[in-house]
Asks: 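Let me begin by handing over the structure; questions about it come next.
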Amino acid sequence: MTQKPIELHYWPTPNGWKVSIMLEECGLPYDLHLVNIGAGDQFKPEFLEISPNNRMPAIVDPDGPDGKPISVFESGAILQYLGRKTGKFYPSDERKRVAVEEWLMWQMGGFGPMLGQNHHFNQYAPEDLPYAKKRYTDETHRLYGVLNKRLEGREFVCDEYSIADMAMVGWATLWERQQMDKAEFPNVMRWLETMLARPAVEKGLALAKDRRSNISQDDNAKKVLFGQRSR
């Protein structure tokens, strides 16, 4: 039976890359639906039906549970869903699965949001706020240190390649932008080199790469991304 393409609602950002990498690694067919977050596509009613937090990525799988369509939002939840669906990169052994989930949640709660705040105050904030810059640059540094220690003697974050690695790699590619010194984190840099050598990671990171723009130079995009309140 031919697998129907999954709808991937996506924009080329570290969160979007998580899912494009997973789809490529699993060899799942997908149709790309670009969600231009700088233009406000994430607030369109049709997108909110599948992602009520108005954030991409999201997917719609026409071959969901019991053969019925299902939509999934939040990048970590999508990775877990695809891991269960395919039986790949998300171990069934409970101890191994717990380890993957620990590090996936670590990424979702820290090595993502905190790095995002680093980007915001160092790249996008209209005011120079030294306290905020130091706060989030220091926290980024701490998180890289945690990851560096975890990767000591390990090829991948959880011994075997998993969705935890996929969740982190896009953020780690931006280490220079985050004002990190690669010499301080040799295990992270070795892991990053290993990750970037994977063809599926390369393809996932390259998806719609030409649409990625410099938001710091786009005032309209900044208003859309950073000026939202409850609607």
Side-chain angles (χ1 to χ4, degrees), residues 10-19 35-43 51-57 73-77 79 101-152 157 164-193 195-196 205 209 211-231:
Y10 164 96
W11 196 247
T13 72
N15 285 329
W17 293 330
K18 299 176 191 178
V19 181
V35 181
N36 187 336
I37 58 176
D41 289 355
Q42 67 272 37
F43 300 106
S51 184
N53 192 38
N54 52 64
R55 293 290 187 272
M56 68 85 223
F73 73 101
E74 286 295 322
S75 57
L79 291 176
E101 290 175 340
E102 285 177 326
W103 286 97
L104 177 63
M105 295 306 112
W106 177 84
Q107 187 283 314
M108 296 291 294
F111 199 79
M114 296 300 102
L115 276 56
Q117 294 296 332
N118 177 318
H119 294 175
H120 180 82
F121 287 106
N122 281 298
Q123 304 288 332
Y124 308 134
E127 303 172 52
D128 184 15
L129 300 170
Y131 176 84
K133 287 181 175 180
K134 184 178 187 303
R135 165 75 180 93
Y136 291 109
T137 302
D138 285 351
E139 180 62 6
T140 298
H141 192 274
R142 187 191 72 82
L143 291 165
Y144 269 86
V146 171
L147 182 57
N148 193 68
K149 186 174 181 178
R150 174 64 180 178
L151 287 166
E152 186 173 349
V157 172
D165 298 283
M166 298 179 207
M168 297 175 197
V169 65
W171 288 101
T173 61
L174 303 174
W175 59 269
E176 289 182 282
R177 185 179 183 183
Q178 296 151 9
Q179 301 186 19
M180 295 297 103
D181 180 354
K182 68 177 182 179
E184 293 188 72
F185 309 109
N187 298 324
V188 175
M189 294 304 146
R190 183 265 310 152
W191 163 83
L192 183 58
E193 184 178 353
M195 290 291 294
L196 295 177
L205 292 173
K209 185 178 179 179
R211 302 296 297 271
R212 189 170 168 82
S213 60
N214 187 348
I215 296 171
S216 64
Q217 298 178 4
D218 188 333
D219 290 338
N220 288 330
K222 284 191 286 187
K223 288 179 182 178
V224 170
L225 290 170
F226 307 136
Q228 298 299 321
R229 292 169 62 89
S230 176
R231 295 186 172 207

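Since the structure is predicted, the reported quantities are computational estimates derived from the model, not experimental observations. The residues of the chain are indexed from 1 along the displayed sequence.
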Asks: So do Phe185 and Trp175 actually touch side chain to side chain, heavy atoms under 4.5 Å?
Replies: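 No, every pair of side-chain atoms sits at 4.5 Å or beyond.
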Asks: May I ask you to decide whether Arg190 forms a salt bridge with Glu193, counting only side-chain N to carboxylate O separations under 4.0 Å?
Replies: no
Asks: State the CG-CE distance between Asn118 and Met180, to the nearest 0.5 angstrom.
Replies: 6.0 Å
Asks: Can you tell me how far apart CH2 (Trp191) and CE (Met168) are? Round to the nearest 0.5 Å.
Replies: 6.5 Å
Asks: Which atoms form the tightest heavy-atom contact between Ile37 and Val224, and what is the distance?
Replies: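 So the two residues come closest at O-CG1, 3.4 Å.
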Asks: What verdict does the side chain to side chain contact (heavy atoms under 4.5 Å, CB included) test give for Arg211 and Asn36, after you've listed the backbone C-alpha separation in whole Å, the side-chain angles of each residue and the deciding distance to 0.1 Å?
Replies: CA-CA 9 Å; Arg211 302 296 297 271; Asn36 187 336; 4.3 Å; yes
Asks: Considering non-hydrogen atoms only, spot the tightest contact between Leu79 and Ala167 and give its length.
Replies: CD1-CB, 4.0 Å
Asks: Do Glu184 and His141 meet the criterion of a side-chain donor-acceptor pair at a distance under 3.5 Å?
Replies: yes
Asks: Nearest 0.5 Å, please: how far is CZ in Arg212 from OG1 in Thr13?
Replies: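 The distance works out to 7.0 Å.
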Asks: Hey, does Leu147 have a side-chain heavy atom less than 4.5 Å from the side chain of Asn187?
Replies: no
Asks: Could you walk me through whether Trp171 and Phe111 pass the ring-ring contact (aromatic ring centres under 6.0 Å, His included) test, one step at a time?
Replies: CA-CA 8 Å; Trp171 288 101; Phe111 199 79; 7.7 Å; no
Asks: To the closest 0.5 Å, what do you measure between OG (Ser75) and CZ (Arg55)?
Replies: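 Taking OG in Ser75 and CZ in Arg55, the distance rounds to 12.0 Å.
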Asks: Might you point out which heavy atoms bring Pro113 and Met108 nearest each other, and give the distance in Å?
Replies: CG-O, 3.0 Å
Asks: For a side chain to side chain contact (heavy atoms under 4.5 Å, CB included) check, start with the C-alpha distance between Arg135 and Leu129, then their side-chain angles and the critical distance, and finish with the verdict.
Replies: CA-CA 10 Å; Arg135 165 75 180 93; Leu129 300 170; over 6 Å; no
Asks: Using the rule given for ring-ring contact (aromatic ring centres under 6.0 Å, His included), can you reason through Tyr124 versus His119, listing the C-alpha separation, both sets of side-chain angles and the distance that settles it, and then say yes or no?
Replies: CA-CA 7 Å; Tyr124 308 134; His119 294 175; 7.3 Å; no
Asks: Less than 4.5 Å apart, any side-chain heavy atom of Asp181 and any of Tyr144?
Replies: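 They are not in side-chain contact.
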Asks: Take Glu139 and Arg142, measure what salt bridge (Lys or Arg N to Asp or Glu O under 4.0 Å) needs, and give me the verdict at the end.
Replies: CA-CA 5 Å; Glu139 180 62 6; Arg142 187 191 72 82; 2.9 Å; yes
Asks: Quick one: does Trp17's side chain get under 4.5 Å of Thr173's, heavy atoms only?
Replies: yes
Asks: Just say parallel, tilted or perpendicular for the rings of Phe121 and Tyr136, cut-offs at 30° and 60°.
Replies: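 Taking Tyr136 first and then Phe121, their aromatic rings lie parallel (interplane angle under 30°).
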Asks: Would you give the length of the straight line joining atom CD of Gln178 to atom OG1 of Thr137, rounded to the nearest 0.5 angstrom?
Replies: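 The distance works out to 9.5 Å.
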Asks: Indicate yes or no for a side-chain donor-acceptor contact from Asn54 to the backbone of Phe43 under 3.5 Å, with no hydrogens or angles considered.
Replies: no
Asks: Is the shortest side-chain heavy-atom distance between Leu143 and Leu115 below 4.5 Å?
Replies: yes
Asks: Taking atom CD of Gln123 and atom NZ of Lys133, what is their separation to the nearest 0.5 Å?
Replies: 9.0 Å
Asks: Quickly, which of Met195, Gln107, Lys18 forms a side chain to side chain contact (heavy atoms under 4.5 Å, CB included) with Val169? Name it, please.
Replies: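 Testing Val169 for a side chain to side chain contact (heavy atoms under 4.5 Å, CB included) against Met195, Gln107, Lys18 leaves exactly one candidate, Met195.
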Asks: Is any side-chain heavy atom of Met166 closer than 4.5 Å to a side-chain heavy atom of Val19?
Replies: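 They are not in side-chain contact.
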Asks: So which atom in Pro186 and which in Ala183 form the shortest heavy-atom distance, rounded to 0.1 Å?
Replies: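 Closest approach of Pro186 to Ala183: CD-O, 3.8 Å.
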Asks: For the residue pair Trp11 / Asp41, report whether a side-chain donor-acceptor contact shorter than 3.5 Å exists.
Replies: no
